[in-house]
Amino acid sequence: MIAADYLKRIAAWSRELNERELEIARAGIVEKSYRADEFIFMRGDRFDYWTGVVTGLARMGIVSRGGKATSFAGLTSGAWFGEGSVLKKEPRRYDVVALRDTRLAMMDRNTFFWLFENSVGFNRFLVGQLNERLGQFIGLLEYGRTLDATARLARSIASLFNPILYPDLTMHLEITQEEIGALSGISRQNANQCLKRLEKQGLLRLEYGGVTIVDLERLRHYGE
DNA sequence: ACATTAAATTCGA
DNA sequence: TCGAATTTAATGT
C-alpha cells in the first residue's frame with residue numbers, strides 16, 4: 001500500500017480528506033508504469049480506474065483509422081482523469097497514450113464510489129475538476145478550425161497550467177519540443193517555429209528540454 | 001534532412 | 001570521485 005504522505009504529494013485532492021477517508025483511498029490505489037508510446041487506455045476499454053499521473057506525460061485524445069491524432073488535453077504530473085468513465089460506467093471514449101515513460105496511480109472503482117458517497121472533501125474536488133474540464137473542452141470547440149498552428153500550440157501549453165487540473169505551482173515545464181508538437185498536433189519543426197515566435201513576443205522562455213511560462217494570460221488567449 | 005549544441009554516460013586516473 | 005572524452009538527445013535552420 002502506498003504511504004499517506006506520498007499520496008498527499010501526488011494527489012491534491014487527498015489533502016481534502018480526513019484520516020479515515022485517507023486510509024480508504026490509500027488501500028484502493030495501485031501504481032503502474034508505462035513506457036513511452038505505450039497505450040494506457042484505448043477507446044472502448046472497460047477498465048474502471050480513476051487515474052492520476054505521478055510522473056511523466058500523457059496525451060488524451062483520439063486517433064482516427066488513418067492514424068492521425070487529435071488531442072484533447074495533455075496530462076502532466078498531478079492530473080487526475082477518467083472520472084467520467086468511472087461515474088457513468090461507460091467504456092472510455094478516448095485514448096490515453098504515454099508520450100514518455102510515465103508512472104500512474106490508479107484508484108479502483110469501488111474506492112472511487114466510496115469516496116464519492118462519503119467524503120465531502122472529495123466531492124468538492126470533483127465538482128471543481130469537472131467544471132474546469134468543461135471549460136477546457138468548450139475552449140476546444142474553436143480550437144481546430146479558427147486557430148493557426150501557433151495559437152493551437154500556445155493553448156496546448158497554457159492548458160497545462162490550469163491550476164485546478166494541474167496543481168503544480170511552478171511556471172517551468174520540463175517538456176521537449178517534440179512532445180509539445182505531439183500534444184498540439186503539429187510537427188516538431190513547426191512546433192519549434194511557433195515556440196520561437198512566442199518567445200519573441202515574450203510569452204515564454206525556451207530552455208534546453210523545457211520552457212518557462214512568462215505571461216500565462218496572454219498565452220491562454222493567444223490569437224483572439 | 002542536416003548541422004549544432006546541451007546533457008548524460010563512460011572511462012581512466 | 002573528479003574531469004575529460006564519447007555518445008545520445010534536443011534544438012535550430
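A, B, ... follow the sequence lines: proteins, then strands. Residue 1 opens every chain. Predicted model only: the values in this text are computed from it and were never measured.
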Spacing of Lys196(A) atom NZ relative to dA10(C) atom P, expressed in whole Å: 18 Å
Between dT11(C) atom P and Leu204(A) atom CG, what is the distance in whole Å? 13 Å
Residues Thr111(A) and Asp108(A): side-chain donor-acceptor under 3.5 angstrom: yes
Interatomic distance where CG belongs to Asn190(A) and P belongs to dG12(C) [whole Å]: 14 Å
Sub-4.5 Å side-chain heavy-atom contact between Ile213(A) and Asp215(A): no
Among dT13(C), dA9(C), dG12(C), find the nucleotide with the atom closest to the side chain of Arg188(A). dG12(C)
Nearest heavy-atom contact between Trp13(A) and Met107(A) is CH2-CE, 3.4 Å
Within this structure, what is the CG-to-P distance between Leu195(A) and dT11(C), rounded to whole angstrom? 9 Å
Ignoring backbone atoms, establish whether Asn192(A) has a side-chain N or O less than 4.0 Å from OP1 or OP2 of dT11(C). no
Shortest non-hydrogen contact from Leu204(A) toward Leu195(A): CD1-O, 3.9 Å
Taking any atom closer than 4.0 angstrom to a non-hydrogen atom of chain A, what span of DNA chain B does the protein reach, first nucleotide to last? dA1(B) to dA7(B)
Modelled atom types, side-chain donor and acceptor of Ser85(A) and Glu90(A), under 3.5 Å: no
Output the rounded distance in Å from CG (Leu206(A)) to C1' (dT13(C)). 15 Å
To the nearest Å, give me how far apart CD1 (Ile175(A)) and C1' (dA10(C)) are. 13 Å
Atom CD of Glu207(A) and atom P of dA9(C) are separated, to the nearest Å, by 21 Å
Are Glu217(A) and Tyr222(A) linked by a side-chain donor-acceptor pair shorter than 3.5 Å? no
Let me know the distance between CD of Gln177(A) and P of dG12(C), rounded to the nearest Å. 5 Å
